[in-house]
Amino acid sequence: MTEIDKIKENHTKQLEGRVHRLIDECRKKKVMMTDKELDAEFNKMWNKTLEELSCPKQKPSDVITSVTYHLRENLSHKGSHYCELLSQTKLQDCGQVPFKYTAEGFYRFTHKVSKIINYEDHFMASQKLADSIINACTEFVTEKMERKNNYHDTYIQEILHMIDKRLQNNQNVKIETEFEVSLKQHICADAARQFQKMHEDFIRVNDPYRCLNQNKDKFCTDFKDLFHDRDQCQKKAEEFTIRCLMRAVEDFVNRSLGPDIIGEMQTRSEFSTRMSFQYSLLLDLLSKKKFEEYLSYINSYEDYVKKWILNKIVEHFSKKTTTFKFEDQHLQSSINSINDAINKARTKKKGNLKKFVEDVCQELRDKLVIPQDALGTFMILNNADLEQFANWLTECVKDMAQAARERFKETNIQMKLRTLHVKPQNELFTKLIGCGQQCPFCKSPCDAGGQQHKEHFTSLHRPEGLGRFRWESTDKLVIDICSSLVCSDCRFRCSATNSEWHPYKDYRTIFPDWHIPPDVSLEASDYWKYVLATFNNEFAKEYDAKPAEIPDIWKSITHEQAEESLKKSFNMMSGINTALIRLISKWSQKS
């Protein structure tokens, strides 16, 4: 970009010199030239200038080759088998169809004694993990594409880091070599194609010849204004406002609005603490009375929660003028800064218009990012009177502010969210959910705050049938919870155990990051008893198992009792404890 900016600056300077020479030549003719004749002279000069300008053609980089290199580097330290698998398929041939992983080496066998098996077999667990990682990486690529910047190798390095981190965090899935290689190939290939397009679009948009031709009509108009000694003050003030200041102000508002939305949402009770958030989420699920909602919440936890947060943001800001209030505050702040910069530049009373504009930009440098290409184009062929230009500029800034306010009012929250530099739903998820890990048995979310903690734990375990566990001897979904099972003689098997039976008491040898306090007296809350009793047949069908043996007392639990149970589960932390939880939550967010 530095090289391209120098080329653009050199081109505009050369063009400015040739335009001034053309004006002198036309004036020497001592005849009144019409606009049509001036257009013809300008076109001849323009075409000749373009032929003589030197500019090395920007050649697009081969993003696929670069991505392949970084993928190979990522896998090289893992052994020769990884590299061998990687070399069997060209990256450009991957990622063309949806990712489907066929698990190998998964086999079943029966035991006479009653044990528990996780029916989410290797294939299903791996596919679910893959879908989750692909969704996260797709979101990352989309955000980069929306910025319309150039490609950089750090993008693919960050994607590979995201994949490695999520594979490492999901200890309940046995990661096979073939799975990791094929998943990374799929994600990297798709990302490479997207980044290649982004890279080529960036080169096309910033091509110096294209940028020069884009401004041909403007240069021609400026040429005729200079030839006829027309007053350029108003026109140049409008041009500087629209091309330079407006873009900078819009960027400032978009950078500031994301944190505002996050702060506003956290003033709502359901977003004030982690416990309040979980309570509101589960209460909303209960009110919807839909099996599909519970299934998505349990099996696609992160995606479901982020969509839930996004819907709440849209719902909150669709009904209120809060976003406009925030936008107007940042707009007014920008306008005040611009007016102060104009007034400071006027007091210097030295130099020409170019120096005046440079002083204005210098004053604004800490707040507004003025696009340099637009500024360079504005500077040339400019004979505006400095004082009159400053007066017109002040008026144009007022008009810009009013136009921006009207635009803010007309734009809905969905469109505004797309332009933000910070995605509020992702930030709120991180603040309120923390690591996003789920219990490997019942899928209850981790209650530990923040991203960095040594152990995962949850205070509200659920019937393990909700996490796909069933009894081996009967195929029926399990109603027991993890806290009682970890102090029993039962055993389990799953992808993480290579389908081998393993004692519940020694679960930490398989899941060392999870802490499940043993307590045989604990039962699931009435809330989850109600959920499993209500949707028992649906869960069994979805998990290809037989319905759980639901105790009669579970079947008698009403919707109102389930809601009351939920309140009790979260109201244990009331009064002084609530204040403590808020302090702990704030501390964990800071840390």
Side-chain angles (χ1 to χ4, degrees), residues 1-4 58-101 126-170 173 175-206 302-303 306 418 420-423 426-427 429-430 436 451:
M1 280 307 299
T2 302
E3 292 176 10
I4 289 174
Q58 293 289 318
K59 292 183 179 180
S61 302
D62 187 349
V63 176
I64 285 278
T65 300
S66 177
V67 170
T68 301
Y69 168 78
H70 287 287
L71 176 57
R72 189 171 294 279
E73 283 288 299
N74 175 265
L75 295 173
S76 61
H77 69 281
K78 296 195 173 187
S80 59
H81 186 43
Y82 283 85
C83 297
E84 182 184 342
L85 288 171
L86 187 64
S87 62
Q88 289 177 3
T89 310
K90 291 182 178 179
L91 192 63
Q92 50 265 44
D93 297 330
C94 300
Q96 304 278 13
V97 296
F99 183 83
K100 296 294 178 186
Y101 179 68
S126 299
Q127 185 64 51
K128 176 185 165 187
L129 175 60
D131 291 342
S132 172
I133 295 174
I134 290 168
N135 288 340
C137 293
T138 300
E139 184 180 335
F140 174 85
V141 173
T142 301
E143 286 183 15
K144 294 298 181 185
M145 295 285 287
E146 287 174 350
R147 300 286 175 86
K148 298 181 180 179
N149 290 327
N150 196 9
Y151 167 74
H152 196 278
D153 285 337
T154 53
Y155 294 174
I156 201 64
Q157 290 170 353
E158 191 163 349
I159 285 175
L160 289 167
H161 176 71
M162 286 171 61
I163 299 172
D164 287 336
K165 186 176 180 181
R166 286 173 179 260
L167 289 176
Q168 183 180 356
N169 286 342
N170 282 273
V173 178
I175 306 302
E176 292 185 346
T177 304
E178 292 80 3
F179 172 77
E180 181 177 350
V181 173
S182 60
L183 178 63
K184 287 182 174 179
Q185 284 179 315
H186 176 89
I187 292 173
C188 289
D190 183 65
R193 280 188 284 272
Q194 300 260 37
F195 288 148
Q196 185 72 53
K197 182 181 183 302
M198 180 179 75
H199 171 62
E200 291 173 0
D201 288 346
F202 183 84
I203 288 178
R204 179 180 56 80
V205 168
N206 289 281
E302 182 174 339
D303 290 340
K306 283 184 178 179
R418 291 177 190 171
L420 300 183
H421 290 227
V422 173
K423 301 297 181 184
N426 293 350
E427 294 298 314
F429 179 88
T430 302
Q451 293 279 348

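Predicted model, so just to flag it, every value in this text is computed and none were measured. Because only heavy atoms are used, hydrogens play no part in the values below, and waters and symmetry mates are left out as well, while side chains stay in.
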Has [X] got a side-chain atom pairing as donor or acceptor with [Y]'s backbone, closer than 3.5 angstrom?
| X | Y | value |
| --- | --- | --- |
| Arg193 | Gln92 | yes |
| Asn135 | Asp131 | yes |
| His199 | Pro60 | no |
| Gln96 | His186 | no |

For the residue pair Leu86 and Gln185, establish whether any side-chain heavy-atom pair is separated by less than 4.5 Å.
-> yes
Measure the acute angle between the ring planes of Phe140 and Tyr155, then classify it against the limits of 30° and 60° as parallel, tilted or perpendicular.
-> perpendicular
Point-to-point distance, once rounded to the nearest 0.5 Å, from [atom1] of [X] to [atom2] of [Y]:
| X | Y | atom1 | atom2 | value |
| --- | --- | --- | --- | --- |
| Ile187 | Ile163 | CD1 | CD1 | 4.0 Å |
| His70 | Thr68 | NE2 | OG1 | 10.0 Å |
| Asp62 | Tyr69 | CG | OH | 15.0 Å |
| Arg72 | Cys188 | CZ | SG | 12.0 Å |
| Leu183 | Leu129 | CG | CG | 7.5 Å |
| Glu84 | Thr177 | CD | OG1 | 11.0 Å |

Taking atom NZ of Lys197 as the centre, does the number of heavy atoms from other residues, nucleotides or ligands within less than 6.0 Å exceed 12?
-> no
Assess whether atom NE2 of His421 is packed by more than 12 heavy atoms of other residues, nucleotides or ligands within 6.0 Å.
-> yes
Write down the atom of [X], the atom of [Y], and the distance for their closest heavy-atom approach.
| X | Y | value |
| --- | --- | --- |
| Arg418 | Glu146 | O-OE1, 3.7 Å |
| Lys144 | Phe195 | CB-CE2, 4.0 Å |
| Phe202 | Asn149 | CD1-C, 3.6 Å |
| Leu91 | Leu71 | CD1-CD2, 4.0 Å |
| Ser76 | Cys83 | CA-SG, 3.8 Å |
| Gln196 | Ser61 | NE2-O, 2.9 Å |

Will you find, in the side chains of [X] and [Y], an N or O donor that is under 3.5 Å from an N or O acceptor?
| X | Y | answer |
| --- | --- | --- |
| Asn206 | Asn150 | no |
| Asn426 | Glu139 | yes |
| Tyr151 | Asp153 | yes |

Charged N to carboxylate O below 4.0 Å: is that the case for Lys184 and Glu180?
-> yes
Under a 4.0 Å N-O cut-off, is there an ion pair linking Lys306 with Glu302?
-> yes
